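All values derive from a computational prediction rather than experimental measurement. When reading the values below, keep in mind they use all heavy atoms of this one structure, side chains included, and skip hydrogens, waters and symmetry mates. Each chain gets a letter, A, B and so on, in the order the sequences are listed, and its residues count up from 1.
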Protein chains: 2
Amino acid sequence: MNILLPVRDALDVINGKWKLQIIIAINNGNKRFKDIERQIPGITARMLSKELKDLESHQLIKRTVYDTLPVSVEYTPTPHAATLMPLIEALKEWGTLHRKKILKDKA
Amino acid sequence: MNILLPVRDALDVINGKWKLQIIIAINNGNKRFKDIERQIPGITARMLSKELKDLESHQLIKRTVYDTLPVSVEYTPTPHAATLMPLIEALKEWGTLHRKKILKDKA
DNA sequence: CCGTATCCGTGAGGATACTG
DNA sequence: CAGTATCCTCACGGATACGG
């Protein structure tokens, strides 16, 4: 019955400004640090670094280091990250709707 | 194509720890300040007050003052708030899923 | 009862410079 | 390329007290 509890759980994991955006970027096929950084307007390397660690600890992404020269690192989504897609979809839908409403109200 | 933009818009509105929980509480029929406060474990009156204003400014709730003695105030959802339900549902689903996963991993 | 005002700590997040 | 280190600011959010 208590709908609040699972909602709190979800919010705890995806909180902050960047986590979902990073998931989206990685799901879009961006594996490299720089690629992800470029995909997300406004994010700094520092925040990206921090958030990537956080997401890894929540098992939403996987970090793989390749022993090339220089080293290359790849971030890939885990199966668990895939389960976030309906949520992201809902967020996208509502964001679109809300934007339309704001624009209409201004007119 | 840019899925990030609407997602950012949505995140901007529902950001913070409390906004969605407040929406849920109000949608559950809690109209009075104290009722809402009691529904949400851990929230303080100060935060509730602040967030209610924020939500009102985003047109997600309506604040009505009744000239009784003492004054009573009621918060009710707007039609726009109803459009958040799919999002909340998705959040609830994923929160439940995530909790299950965490518990399984610990075992 | 229904909030608001004030004070304050902490942490999210930003700017910049630097390393392997 | 892939970060880390440092420093900084400001909003989030808690505690308490008070006003209508």
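- Nucleotide C:dG3 holds its P atom 12 Å from the CD1 atom of B:Ile22, rounded to whole Å.
- In this structure, B:Lys19 does not reach the D:dC12 phosphate: none of its side-chain N or O atoms is under 4.0 Å from OP1 or OP2.
- Between B:Leu52 atom CG and D:dC12 atom C1' the separation is 16 Å, expressed in whole Å.
- For A:Trp18, a side-chain nitrogen or oxygen approaches OP1 or OP2 of C:dG14 to under 4.0 Å.
- Residue B:Arg32 has its side chain nearest to C:dC1 when only C:dG14, C:dA12, C:dC1 are considered.
- Residues B:Lys62 and B:Thr78 approach most closely at N-CG2, 4.0 Å, considering heavy atoms.
- For B:Val73, the side-chain atoms get nearest to C:dG3 when compared with the rest of C:dG13, C:dG3, D:dA2.
- Between A:Lys53 and D:dT4 there is a side-chain polar atom (N or O) within less than 4.0 angstrom of OP1 or OP2.
- Classification of the A:His80-B:Trp94 ring pair by plane angle, with boundaries at 30° and 60°, yields parallel.
- Look at CD1 on A:Ile26: it is 12 Å from P on D:dA2, rounded to the nearest Å.
- Within 4.0 Å (heavy atoms only), B:Tyr75 reaches sugar-phosphate atoms of the nucleic acid but no base atom.
- On a pure distance criterion of 3.5 Å, no polar donor-acceptor pair joins the side chain of A:Arg46 and the base of D:dG3.
- Of the possible donor and acceptor atoms, none in the side chain of A:Asp35 sits under 3.5 Å from a partner among the backbone N and O of A:Asn30.
- Residue A:Glu74 contributes atom CD, which lies 16 Å from atom C1' of D:dG3 at whole-angstrom precision.
- A straight line from CG of B:Leu11 to C1' of C:dA12 spans 15 Å, rounded to a whole angstrom.
- Residues A:Thr44 and B:Val71 each lie close to DNA chain C; by heavy-atom proximity, the contact nearer the 5' end of the strand is made by B:Val71.
- The residue among B:Ala45 and B:Glu51 whose nearest nucleotide of DNA chain D lies closer to the 5′ end is B:Glu51.
- Ranking D:dG3, C:dG3, C:dA15 by closeness to the B:Phe33 side chain, first place goes to C:dG3.
- Here the nucleotide nearest the side chain of B:Met47, chosen from D:dC12, C:dG3, C:dC1, is D:dC12.
- With respect to A:Asp12 and A:Arg8, no salt bridge is recorded, no charged nitrogen being found less than 4.0 Å from a carboxylate O.
- Note that NE2 of B:His98 and NZ of B:Lys101 are 8.5 Å apart. Values are rounded to the nearest 0.5 Å.
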